[in-house]
Amino acid sequence: MPKDGYSEEIEKEVGQAEGKLCTHRSAFSRASVIQAFLGSAPQLTLQLYICVLQQEITAARSICMVLSLLSIVYGALRCNILAIKIKYDDYDVSVKPAAYLCIFMWRSFEIATRVTVLVLFSSVLQIWTLPVVLVNFFGFFFYPWILFWQSKSPFPENIEKALSRVGTTIVLCLLTFLYAGINMFCWSAVQVKLNDPDLINKSQNWYRLTVYYMLRFIENAFLLLMWYIYRTDIYLYVCAPLLVLQLLISYCMAVLFMLVFYQFCHPCKKLFSSSVSEGLLSCFKFLCFICKPPKSTILTEKAEVRSENTDEAWSKATDSQKGNPHQSISSNA
């Protein structure tokens with residue numbers, strides 16, 4: 001502590017009760033995330049699927065679905081706060097109510113849209129539901145392992161001293177299993193990095209976030225298109241184009257609230273190397289650069305236009321001379 005130009009070290013003893021309380025609070029946060037995405041998310045999908053097939057929503061089932069949705073949103077919110085505290089562990093992080101509201105709206109729109117899209121697709125194309133789910137799940141499950149193998153890092157041995165190599169492998173598989181389960185329904189704020197000692201990627205990767213939401217939007221649009229083409233008679237009294245438009249707009253609303261959170265409400269936005277607006281501007285510039293034709297093509301087109309204009313002028317001059325021979329002779333004279 002600086003005092004009168006000198007520094008003085010002060011030690012603070014942390015009691016065992018306070019340490020156990022922090023451990024229990026951290027365990028509760030992780031347990032809420034596990035319960036949300038491995039328990040409430042499948043429950044919500046199943047209940048909504050039954051309601052669609054039976055064309056009836058009972059009071060008990062609606063209450064169950066609302067509670068499941070709130071549980072998933074709460075787990076995603078805890079995941080966001082946990083990711084912020086892990087990445088910025090050296091700072092005193094205080095999350096404001098506006099940030100909680102933005103995260104809640106962001107996750108509500110994202111998860112509700114995703115579950116509805118999966119249920120609509122599975123109600124008309126039951127055979128293709130399992131391949132879609134397996135491709136999504138195993139893609140996110142093996143993605144951290146692929147990055148780990150590409151980095152050529154040694155196998156992590158410092159997770160728990162009491163664990164053997166097999167036990168460590170099982171723990172890592174369970175961690176990536178939870179990571180894949182979260183990314184099935186929404187963006188996982190906590191990114192797994194197996195070659196890191198903390199197993200968490202603490203850097204803010206805007207590129208990965210952008211790619212995820214672009215691919216997820218394309219996937220949702222494709223699944224909705226398949227539902228629109230192969231929809232059955234149970235959707236006879238449903239305005240299908242309006243429903244598709246509402247779901248796509250809802251997903252765009254989720255992205256909008258996410259941008260608002262990272263741009264204005266993130267508790268550590270001043271520590272970002274680049275803001276969301278700068279990232280969007282760079283993306284727009286990159287897209288404009290891709291869509292813009294090369295300079296060689298522009299110069300070739302300009303040269304062709306000039307040659308065509310020259311040819312037209314020459315042909316007009318020739319025709320005028322042929323049409324007025326006396327005028328040309330007198331002018332020569």
Side-chain angles (χ1 to χ4, degrees), residues 36-37 40-41 44-45 47-49 51-52 55 57 62 65-66 68-77 79-80 98-125 128-129 132-133 136 182-189 206-232 234-266 275-277 279-281 283-284 287-288 291:
F37 290 98
S40 298
L44 175 61
T45 308
Q47 293 296 331
L48 185 58
Y49 180 78
C51 292
V52 169
Q55 301 182 13
I57 302 178
S62 61
M65 288 191 296
V66 170
S68 298
L69 179 61
L70 292 177
S71 175
I72 304 170
V73 173
Y74 176 75
L77 190 147
C79 189
N80 274 96
Y100 282 108
L101 180 62
C102 282
I103 297 174
F104 181 82
M105 299 301 295
W106 161 25
R107 295 307 194 177
S108 299
F109 279 109
E110 182 181 8
I111 295 169
T113 304
R114 178 62 176 169
V115 171
T116 306
V117 169
L118 290 176
V119 168
L120 290 177
F121 177 78
S122 61
S123 64
V124 295
L125 295 172
W128 293 99
T129 304
V132 170
V133 172
N136 274 273
I182 295 174
N183 280 281
M184 275 286 298
F185 296 94
C186 66
W187 165 256
S188 175
W206 300 113
Y207 174 76
R208 188 182 299 180
L209 182 68
T210 305
V211 170
Y212 174 85
Y213 276 100
M214 289 180 61
L215 294 179
R216 184 64 77 197
F217 181 83
I218 294 173
E219 182 193 4
N220 288 339
F222 176 75
L223 295 181
L224 287 174
L225 178 63
M226 292 295 102
W227 168 80
Y228 182 80
I229 295 173
Y230 295 101
R231 67 185 187 277
T232 56
I234 62 175
Y235 300 103
L236 185 62
Y237 300 101
V238 176
C239 184
L242 181 60
L243 181 58
V244 171
L245 182 62
Q246 287 176 346
L247 290 174
L248 293 179
I249 291 176
S250 297
Y251 200 78
C252 292
M253 289 295 294
V255 177
L256 177 62
F257 278 108
M258 179 197 67
L259 296 177
V260 171
F261 168 71
Y262 280 111
Q263 181 68 28
F264 302 105
C265 302
H266 197 284
S275 63
V276 176
S277 58
L280 291 175
L281 184 60
C283 289
F284 285 138
L287 292 175
C288 292
C291 298

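One distance of note links CG of Leu118 with CG of Asn220; it measures 7.5 Å at 0.5 Å rounding. The CZ atom of Phe261 sits 14.0 Å away from the CG atom of Leu256 when rounded to the nearest 0.5 Å. The CG atom of Leu223 lies 12.0 Å from the CD1 atom of Ile218; values are rounded to the nearest 0.5 Å. In this structure, Ser188 OG and Arg208 CZ are separated by 10.0 Å, a value rounded to the nearest 0.5 Å. Taken to the nearest 0.5 Å, the OH atom of Tyr49 stands 11.5 Å off from the CZ atom of Phe121. The line from CD of Gln47 to CG of Leu69 is 13.0 Å long, rounded to the nearest 0.5 Å.
Side chains of Val52 and Tyr235 form a contact here, defined as non-hydrogen atoms less than 4.5 Å apart. Counting only heavy atoms from C-beta outward, the side chains of Trp227 and Leu243 approach each other to under 4.5 Å. For the pair Arg231 and Val238, the minimum side-chain heavy-atom distance is 4.5 Å or more. You'll find the side chain of Leu125 stays beyond 4.5 Å of the side chain of Val132, heavy atoms only. Leu48 places a side-chain heavy atom less than 4.5 Å from the side chain of Thr116. For the pair Val255 and Phe217, the minimum side-chain heavy-atom distance is 4.5 Å or more. Counting only heavy atoms from C-beta outward, the side chains of Phe185 and Ile72 never approach each other to under 4.5 Å.
Looking only at atom types and distance, the side chain of Arg216 has no donor-acceptor partner in the side chain of Asn183 under 3.5 Å away.
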Report, one line per pair, each donor and acceptor closer than 3.5 Å where one atom sits in a side chain of residues 103-112; sequence neighbours left out.
unit_1 : atom_1 : unit_2 : atom_2 : d
Trp106 : NE1    : Glu110 : OE1    : 3.1
Trp106 : NE1    : Tyr213 : OH     : 3.0
Arg107 : NE     : Asn80  : OD1    : 3.0
Arg107 : NH1    : Glu110 : OE1    : 3.1
Arg107 : NH1    : Trp187 : O      : 2.9
Arg107 : NH2    : Asn80  : OD1    : 2.9
Arg107 : NH2    : Trp187 : O      : 2.8
Ser108 : OG     : Phe104 : O      : 2.6
Glu110 : OE1    : Tyr213 : OH     : 3.1
Glu110 : OE2    : Trp187 : N      : 3.0
Glu110 : OE2    : Tyr213 : OH     : 3.1

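Among all heavy-atom pairs drawn from Arg114 and Asn136, the shortest one is NH2-OD1, 3.6 Å. Counting all heavy atoms, side chain and backbone alike, Thr113 lies closest to Tyr251 at OG1-N, 3.9 Å. Among all heavy-atom pairs drawn from Ala76 and Cys186, the shortest one is CB-SG, 4.3 Å. Closest approach of Ser122 and Val119 over heavy atoms only: OG-O, 3.0 Å. Taking each heavy atom of Cys102 and Cys265 in turn, the nearest pair found is SG-SG, 3.7 Å.
Applying the 6.0 Å contact sphere to CD1 of Ile234 captures more than 12 heavy atoms from other residues, nucleotides or ligands.
The side chain to side chain donor-acceptor pair (under 3.5 Å) check on Ser250 picks up nothing, with sequence neighbours excluded.
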